[in-house]
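Chain naming here is simple, since letters A, B, ... match the order of the sequence lines and numbering starts at 1 in each.
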There are 2 protein chains.
Amino acid sequence: MNNYRMTPQRRLILEELRKTKKHPTASEVYQLVRKNIPDISMGTVYRNLAILIKQGKIQRINNGSKKERYDGNPYEHFHIKCTECGRIDDLPEDLVENIKRNININFDYKITGYDLFFYGLCPDCKRRQEDKMEEKIPEKSKNYGSLKLQKLGKGED
Amino acid sequence: MNNYRMTPQRRLILEELRKTKKHPTASEVYQLVRKNIPDISMGTVYRNLAILIKQGKIQRINNGSKKERYDGNPYEHFHIKCTECGRIDDLPEDLVENIKRNININFDYKITGYDLFFYGLCPDCKRRQEDKMEEKIPEKSKNYGSLKLQKLGKGED
DNA sequence: TTAATAATAGTAACTATTATTAATAGTAAA
DNA sequence: TTTACTATTAATAATAGTTACTATTATTAA
């Protein structure tokens, strides 16, 4: 049960996850690997994703969606998700450094990990929204982010 | 479509969410409201949860689980989840203040919100684990949290 | 009072994920 | 090499959380 074999299917799944920066869902991984192994099954994809996570080679992203997303980078880094189209990118390192330096905990939980998740508009959607704004009478903008959590994306979920 | 009525079902769902600190799932909400309205249906619960979110009266919690959780507090605050039993609590305000003061963003996304999620052991599970440790020969502890994301809880998901 | 719209309970459908099954292929010991 | 063992696979069935649909009832607006 703990002597894993590196099968062609497993290797391909890992390679595809390492190649892309798109943080694909399970079925997106399935579509990718099917190009090289056409008769691979969804069950194989799910099973191997779970094994690769258990081995610490990839990670699952907590993205507040029903569809899990997977990341070929197993090391600590944070994500940002576009509330418009659902696209997920990595946050730049230097932006995270400030935050990490300032976590001091005196609290009755034993903290073993954390996940910092930003929501917003990716460059493309930001531009699209700015274009739309110009066609309208400007109204007082609802600015979340500073006072209120905003996690109701209109994106792909 | 945007003239909502405050029906008894909707009012009860909101009241129950405001009363509890347990961040219940949809079916837990269903169990709660069924005590007063025994013939309410799951569909009604889901529909009203969605409407209350749209109205900004409650929020859905991004908890990395298949089961969504709901929170009667619509204002910004952060959560911590026990990786052992899945319990979710609010993070103390003062712990978050440090972090918030240090987010300075120069990045091509328009950030409209964020979610900071901690993982760990709640007081009960922490004690249980410490008890278990005493029965074993102590081994070098695998300490995540500082260098590696840890989001593979063994809890209720 | 009439028409339009929201909301409801009940149920069916959907979808992401997990479990099962029978077959296959590496691996280790005899 | 044979044998037994175990990991893995494709295909398919099952599960579970959520959403959509349907007929009916309640509320609001004209």
Side-chain angles (χ1 to χ4, degrees), chain A residues 1-14 23-55 57-70 86 88 151-157, chain B residues 1-14 23-55 57-70 86 88 151-157:
Chain A
M1 193 62 110
N2 40 15
N3 203 11
Y4 299 111
R5 296 173 193 160
M6 185 51 84
T7 63
Q9 290 89 339
R10 187 166 303 159
R11 172 172 291 114
L12 185 57
I13 288 169
L14 183 56
H23 309 87
T25 63
S27 68
E28 284 166 352
V29 172
Y30 174 65
Q31 294 305 327
L32 287 170
V33 296
R34 239 154 62 97
K35 290 174 189 167
N36 288 287
I37 305 180
D39 64 344
I40 196 171
S41 71
M42 276 299 280
T44 299
V45 172
Y46 274 109
R47 187 170 16 76
N48 280 300
L49 288 170
I51 289 168
L52 288 168
I53 289 169
K54 208 179 287 180
Q55 293 180 300
K57 293 182 177 172
I58 66 171
Q59 61 178 304
R60 213 194 302 263
I61 297 177
N62 172 17
N63 75 124
S65 156
K66 212 187 301 184
K67 284 183 209 159
E68 309 270 20
R69 287 180 174 278
Y70 299 87
I88 291 177
K151 57 183 67 157
L152 308 167
K154 295 192 299 171
E156 36 87 60
D157 325 313
Chain B
M1 196 58 116
N2 40 13
N3 202 11
Y4 298 111
R5 297 172 192 162
M6 185 49 84
T7 62
Q9 290 88 342
R10 188 167 303 160
R11 172 171 293 113
L12 185 58
I13 288 169
L14 183 54
H23 310 86
T25 63
S27 67
E28 285 166 352
V29 172
Y30 174 67
Q31 296 304 328
L32 288 171
V33 296
R34 239 153 64 97
K35 290 174 187 166
N36 288 288
I37 305 180
D39 64 346
I40 197 171
S41 71
M42 275 300 280
T44 298
V45 171
Y46 274 109
R47 187 166 16 78
N48 280 301
L49 288 171
I51 289 169
L52 289 168
I53 289 169
K54 209 180 285 180
Q55 294 180 298
K57 293 180 176 172
I58 66 169
Q59 58 177 308
R60 212 193 302 263
I61 297 176
N62 173 16
N63 76 121
S65 156
K66 213 188 298 184
K67 284 184 209 160
E68 309 270 19
R69 288 181 174 276
Y70 298 87
I88 292 177
K151 55 182 67 155
L152 306 167
K154 293 193 300 170
E156 33 91 60
D157 326 310

Check nucleotides 27-30 of chain D for protein N or O atoms closer than 3.5 Å to its own N or O atoms and list the pairs.
| residue | atom | partner | partner atom | Å |
| --- | --- | --- | --- | --- |
| D:dT27 | O2 | B:Arg5 | NH2 | 3.1 |

query: Side-chain N or O of B:Thr7 less than 4.0 angstrom from OP1 or OP2 on C:dT8?
result: yes
message: Using OP1 and OP2 only, check whether a side-chain N or O of A:Ser41 sits under 4.0 Å from D:dT9.
response: no
statement: side-chain contact (heavy atoms from CB on, under 4.5 Å) test vs A:Ile58 passes for just one of A:Leu49, A:Val29, A:Ile13, A:Asn48, namely A:Leu49
message: Please tell me if A:Gln9 has a side-chain N or O lying less than 4.0 Å from either OP1 or OP2 of D:dT9.
response: yes
field: Rounded distance in Å - OH (A:Tyr4) to C1' (D:dT8)
entry: 13 Å
message: Side chain of B:Ile37 only, heavy atoms from C-beta on: which candidate in C:dA9, D:dA10, C:dT8 is closest?
response: C:dA9
task: For B:Glu68 and B:Ile61, run side chain to side chain contact (heavy atoms under 4.5 Å, CB included): C-alpha distance rounded to whole Å, both residues' side-chain angles, the deciding distance at 0.1 Å, then the answer.
output: CA-CA 7 Å; B:Glu68 309 270 19; B:Ile61 297 176; over 6 Å; no
field: Length of the CG-P vector between A:Leu12 and D:dT8, whole Å
entry: 16 Å
query: Whole-Å distance between C:dT5 P and B:Ile51 CD1?
result: 16 Å
- line: note: A:Asp39, atom CG; C:dA23, atom P; distance rounded to Å ~ 18 Å
message: Counting Watson-Crick and G-U wobble pairs with both distances under 3.5 Å, what is the dot-bracket string for DNA chain D, 5' to 3', using [ ] for crossing pairs and | for pairs to another strand?
response: ||||||||||||||||||||||||||||||
Scan nucleotides 12-19 of chain C against the protein and return all N/O pairs shorter than 3.5 Å with their distances rounded to 0.1 Å.
| residue | atom | partner | partner atom | Å |
| --- | --- | --- | --- | --- |
| C:dT17 | OP1 | A:Glu68 | N | 2.8 |
| C:dT17 | OP2 | A:Tyr46 | OH | 2.4 |
| C:dT17 | O5' | A:Tyr46 | OH | 3.2 |

query: Looking for any heavy atom pair under 4.0 Å, which part of the strands does B:Arg47 touch: base, sugar-phosphate only, or nothing?
result: base
query: Going through the checks in order, is the side chain to side chain contact (heavy atoms under 4.5 Å, CB included) test met by B:Gln59 and B:Tyr70?
result: CA-CA 6 Å; B:Gln59 58 177 308; B:Tyr70 298 87; over 6 Å; no
message: Assess the residue pair A:Gln55 and A:Leu52 against the criterion (side chain to side chain contact (heavy atoms under 4.5 Å, CB included)); give the C-alpha distance rounded to whole Å, side-chain angles, the decisive distance to 0.1 Å, and a yes or no.
response: CA-CA 5 Å; A:Gln55 293 180 300; A:Leu52 288 168; 3.6 Å; yes
- prompt: Taking 4.0 angstrom as the limit, do A:Glu28 and A:Arg69 come out as a salt bridge?
  reply: yes
- line: Atom OH of B:Tyr30 and atom P of D:dT18 are separated, to the nearest Å, by 15 Å
- prompt: Mind checking whether B:Thr44 and B:Ile40 have side chains closer than 4.5 Å, heavy atoms only?
  reply: yes
message: Under a 3.5 Å cutoff, is there a donor and acceptor pairing between the side chains of A:Thr7 and A:Arg10?
response: no
